[in-house]
Amino acid sequence: MTKTRAVAAIYAGLALTVVATIVPFTTRLLADHIRAGYPAYSPEQVDAAVSTYLVLLSVVGALGVVAWLGTAWAVRAGKRWARAATAVLFVVGTGIGLTGLLVTDTSGDVGLPPALAWTGLAPCLAALVAVVLLGRRPRPA
């Protein structure tokens, strides 16, 4: 039962990762954030910066999807290393999410708009649930 719940948390994390990867493409938050931080930027420079961020966020999102799918497979297959891999990926993903939330750029403002950064951290909550569930010992029958 714990394994089933952990896999459910993993699939929730996968869904949240897909959402977090798509959201920057559906809003003007990045462009507005860059324009506010760099008022002297031309529209072309803002567009170039937005494109760079979108490529970076897409790569991170794609790697996250691969990690979630690999973790789901490992847990379902009962691989002995699945628990450790889930914990390592949680730490890596949380580190990446916190970087997006906390690192400042040359304007002195955070690199990502806070709303997008928090969206990027949402999958980490599902990962934490999966790590906790996989860390529990099965109850005797």
Side-chain angles (χ1 to χ4, degrees), residues 1-140:
M1 184 68 143
T2 299
K3 182 173 144 180
T4 304
R5 288 183 179 162
V7 171
I10 290 167
Y11 283 126
L14 173 63
L16 289 169
T17 298
V18 170
V19 169
T21 304
I22 292 171
V23 165
F25 288 91
T26 65
T27 70
R28 296 287 304 159
L29 285 174
L30 270 173
D32 293 344
H33 184 72
I34 292 167
R35 207 173 353 275
Y38 298 93
Y41 269 21
S42 69
E44 293 79 20
Q45 289 172 304
V46 171
D47 288 344
V50 167
S51 294
T52 300
Y53 264 115
L54 291 176
V55 168
L56 176 65
L57 294 171
S58 296
V59 168
V60 169
L63 291 172
V65 166
V66 169
W68 284 115
L69 291 173
T71 303
W73 169 81
V75 171
R76 279 194 327 268
K79 299 294 183 184
R80 296 181 68 200
W81 47 267
R83 184 183 313 169
T86 303
V88 168
L89 290 172
F90 164 68
V91 170
V92 170
T94 301
I96 292 169
L98 287 173
T99 298
L101 182 66
L102 301 174
V103 170
T104 58
D105 63 17
T106 57
S107 72
D109 200 359
V110 289
L112 283 176
L116 291 181
W118 282 110
T119 302
L121 269 170
C124 298
L125 296 175
L128 178 61
V129 171
V131 167
V132 168
L133 289 171
L134 290 171
R136 291 185 177 171
R137 299 283 179 220
R139 295 182 188 166

Exercise for review: Heavy atoms only: give me the nearest A130-T86 pair and the separation to one decimal.
Suggested key: CB-CG2, 4.2 Å

Exercise for review: Search all heavy atoms of W68 against all heavy atoms of A9 and return the closest pair with its distance.
Suggested key: CZ3-O, 4.4 Å

Check your understanding: Is there a side-chain contact between L101 and L121 (heavy atoms, below 4.5 Å)?
Key -> yes

Practice item. Take atom CZ of R35 as the centre, draw a 6.0 Å sphere, and report whether it contains more than 12 heavy atoms from other residues, nucleotides or ligands. Key: yes

Review point. Looking at T94, T17, V19, L128, which hits side chain to side chain contact (heavy atoms under 4.5 Å, CB included) with P123?
Key: T17

Check your understanding: Distance from I10 atom CD1 to T71 atom OG1, nearest 0.5 Å?
Key -> 5.5 Å

Review point. Looking only at atom types and distance, does a side-chain atom of T26 sit under 3.5 Å from a main-chain N or O of V23, one as donor and one as acceptor?
Key: yes

Point to revise | Distance, nearest 0.5 Å, that separates OH of Y41 from CD1 of I34 | key: 8.0 Å

Point to revise | Contact summary for A20 and G120, nearest pair of heavy atoms | key: CB-CA, 4.1 Å

Point to revise | Reported CD1-to-OG1 distance for the pair I22 and T27, which is rounded to 0.5 angstrom | key: 12.5 Å

Point to revise | K3 side chain to R76 backbone, donor-acceptor under 3.5 Å | key: yes

Point to revise | Any side-chain donor near an acceptor of the partner, D109 and S107, under 3.5 Å | key: no

**Study point:** Worked check of side chain to side chain contact (heavy atoms under 4.5 Å, CB included) between V50 and V46
**Key:** CA-CA 6 Å; V50 167; V46 171; 4.3 Å; yes

Study note, to complete from the structure: Of all heavy-atom pairs linking A126 and A12, the shortest is CB-C, 4.2 Å

Point to revise | Note, D105 side chain near V110 side chain (heavy atom, < 4.5 Å) | key: no

Check your understanding: Roughly how far, to the nearest 0.5 Å, is the CZ atom of F90 from the CG atom of L134?
Key -> 12.5 Å

Point to revise | Test item: Y11 side-chain N/O and L69 main-chain N/O as donor-acceptor pair under 3.5 Å | key: no

Check your understanding: Less than 4.5 Å apart, any side-chain heavy atom of Y38 and any of T106?
Key -> yes

Practice item. Just do the side chain to side chain contact (heavy atoms under 4.5 Å, CB included) check on L57 and T21 with the steps written out, would you? Key: CA-CA 6 Å; L57 294 171; T21 304; over 6 Å; no

Check your understanding: Any side-chain heavy atom of L54 sitting closer than 4.5 Å to one from P24?
Key -> yes

Point to revise | Side chain proximity check, T52 to L56, heavy atoms < 4.5 angstrom | key: no

Exercise for review: Would you indicate whether the side-chain heavy atoms of L30 and L112 approach each other to under 4.5 Å?
Suggested key: yes

Check your understanding: How far apart are the closest heavy atoms of H33 and P113, and which atoms are they?
Key -> CB-CG, 3.6 Å

